[in-house]
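For reference, the structure is listed below as structure tokens.
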Amino acid sequence: MYGFIGAVCAAIPAQPLLGAGGTQTPKMLTRKIKLWDINAHITCRLCNGYLIDATTVTECLHTFCRSCLVKYLEENNTCPTCRIVIHQSHPLQYIGHDRTMQDIVYKLVPGLQEAEMKKQREFYHKLGMEVPGDIKGETCSAKQHLDSHRNGETKTDENSNKETSEEKQEEDNDYHRSDEQVSICLECNSSKLRGLKRKWIRCSAQATVLHLKKFIAKKLNLSSFNELDILCNEEILGKDHTLKFVVVTRWRFKKAPLLLHYRPKMDLL
Ligand SMILES: [Zn+2]
Ligand SMILES: [Zn+2]
């Protein structure tokens, strides 16, 4: 991950006459810009704070904090800035994390990233959840999250060469293990299906309800994941919701793990 860089001013190449002096490289003179002048470009219109978890509407490229935008789109399907219809029914599928913008905001605003990481760590501690690797302030120990599939696939013996190549492979593709993680309890609330042997699971916050359906269907040997409904607080969850979205919108102030129920799909027609 990128390091924390606090800088009060952005340094950009400028015309020699505006430059600050002759001791630096002659051609790359710099001009200082007040943070105030660029604030409008790095703040969220919904909360008026600096962008956190910058998320951009793919249609119009307007950017907001992720949590602000997700909350807004619970009730609306238009962009808060330009009012364009993002999508009639699934606006959340047409927004995306804007890494570049977030990097810029963190580089420009002194202390912001540090403060945000601290806030997130405290949030996880308060909920008794494990702090995800990317906000621990240290490198993520992806090895702790090895799943059985991967174990069976690559870890046939314990010799050190194998370990090294496996580590290298993990760096290339960590199967979302360095993502933010969610702890979930999957309970069955129907007499027609059996419970899971292991109902406590932990997975990437980017996984969707559909992933969970497929997981349960596989564990219970169901012919199709379509036979299932997954519920949170007795409300059926849309298959495209990410678990992050479910936690933020339905489990925000509750203790981990996120409690979800599954049951056979009820045909209302
Ligand atoms: Zn915001
Ligand atoms: Zn817009």
Side-chain angles (χ1 to χ4, degrees), residues 70 89-90 92-93 97 124 127-134 140-158 162-163 165-167 169-269:
V70 166
S89 48
H90 295 95
L92 290 170
Q93 284 179 34
H97 178 52
Y124 282 100
L127 291 181
M129 287 167 79
E130 191 179 323
V131 180
D134 57 348
C140 171
S141 53
K143 282 187 103 49
Q144 288 172 2
H145 315 312
L146 285 174
D147 62 33
S148 54
H149 170 69
R150 191 168 166 81
N151 273 339
E153 187 179 80
T154 58
K155 213 173 172 180
T156 47
D157 61 41
E158 293 289 332
K162 191 90 186 174
E163 288 284 304
S165 70
E166 190 176 298
E167 264 165 35
Q169 213 178 333
E170 264 165 25
E171 270 168 37
D172 297 342
N173 188 350
D174 75 351
Y175 293 85
H176 295 279
R177 285 183 199 99
S178 57
D179 286 2
E180 182 182 334
Q181 304 278 309
V182 196
S183 302
I184 305 169
C185 177
L186 278 172
E187 293 271 13
C188 175
N189 65 353
S190 158
S191 54
K192 295 200 177 113
L193 288 175
R194 59 185 171 83
L196 291 168
K197 224 186 235 170
R198 296 196 175 111
K199 58 182 185 178
W200 311 92
I201 63 167
R202 208 157 71 94
C203 59
S204 162
Q206 298 306 312
T208 62
V209 171
L210 180 62
H211 288 125
L212 287 184
K213 284 190 183 187
K214 288 183 174 174
F215 171 78
I216 297 168
K218 196 159 190 244
K219 290 286 174 197
L220 302 184
N221 287 323
L222 303 178
S223 54
S224 163
F225 58 85
N226 262 330
E227 296 168 24
L228 290 168
D229 273 336
I230 295 187
L231 302 91
C232 182
N233 305 326
E234 292 172 30
E235 179 199 356
I236 296 177
L237 297 175
K239 68 174 170 57
D240 299 315
H241 288 340
T242 62
L243 298 177
K244 170 87 177 181
F245 176 80
V246 176
V247 169
V248 168
T249 59
R250 280 134 173 107
W251 210 259
R252 196 191 288 243
F253 301 110
K254 299 196 193 182
K255 271 194 114 164
L258 165 69
L259 177 61
L260 299 177
H261 288 97
Y262 62 90
R263 66 169 193 215
K265 194 171 216 129
M266 300 217 179
D267 218 340
L268 297 174
L269 297 173

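Starting from 1, each residue takes its place in the sequence as its number. Heavy-atom basis, side chains included; hydrogens, waters and symmetry copies ignored.
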Are [X] and [Y] packed together at the side-chain level, in the sense that at least one heavy-atom pair is separated by less than 4.5 angstrom?
X      : Y      : result
Pro264 : Leu193 : yes
Leu260 : Leu237 : yes
Ile184 : Leu259 : no

Looking at every non-hydrogen atom in both residues, tell me the closest pair between [X] and [Y] and how far apart they are.
X      : Y      : answer
Arg263 : Ile236 : NH2-CD1, 3.5 Å
Ser190 : Cys188 : O-SG, 3.3 Å
Asp240 : Gln93  : OD2-NE2, 2.9 Å
Lys219 : Arg194 : O-NH2, 3.3 Å

Listed once per pair and sorted, the ring pair (Phe, Tyr, Trp, His ring centres under 6.0 Å) pairs that draw on residues 178-204, sequence neighbours left out: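 Found none.
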His90: partners by ring-ring contact (aromatic ring centres under 6.0 Å, His included), with sequence neighbours left out: His87
Partners passing ring-ring contact (aromatic ring centres under 6.0 Å, His included) against Phe245 (at least two apart in sequence or in another chain): His241
Residue of the set Leu196, Val182, Leu186 for which side-chain contact (heavy atoms from CB on, under 4.5 Å) holds with Ile201: Leu186
Mind listing the side-chain donor-acceptor pairs of residues 221-232 below 3.5 Å, one per line with the distance, residues two or more places apart or on another chain?
from: Ser223; atom 1: OG; to: Glu227; atom 2: OE2; distance (Å): 2.6
from: Ser224; atom 1: OG; to: Asn226; atom 2: N; distance (Å): 2.9
from: Glu227; atom 1: OE2; to: Ser224; atom 2: N; distance (Å): 3.3
from: Asp229; atom 1: OD2; to: Met266; atom 2: N; distance (Å): 3.4

Any donor-acceptor N/O pair, Glu187 side chain to Cys185 backbone, under 3.5 Å: no
Leu220/Tyr262 under side-chain contact (heavy atoms from CB on, under 4.5 Å): CA gap, chis, key distance, verdict: CA-CA 12 Å; Leu220 302 184; Tyr262 62 90; 3.7 Å; yes
Pairs flagged by side chain to side chain donor-acceptor pair (under 3.5 Å) wherever residues 209-218 is involved - sequence neighbours left out: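 Matches after skipping sequence neighbours: Thr208-His211.
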Euclidean distance, His261 NE2 relative to Glu234 CD, rounded to 0.5 Å: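 Glu234 CD to His261 NE2: 8.0 Å, rounded to 0.5 Å.
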Value rounded to 0.5 Å, distance of NZ in Lys199 from CD1 in Ile216: 13.0 Å
Flag for Gln181-Tyr124: side-chain donor and acceptor within less than 3.5 Å: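 No pair is found: no donor N or O on one side chain lies under 3.5 Å from an acceptor on the other.
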Met129 and Lys255: CA distance, side-chain angles, deciding distance, side-chain contact (heavy atoms from CB on, under 4.5 Å) verdict: CA-CA 8 Å; Met129 287 167 79; Lys255 271 194 114 164; over 6 Å; no
Which residues share a salt bridge (charged side-chain N to carboxylate O under 4.0 Å, His left out) with Lys239, sequence neighbours left out: none
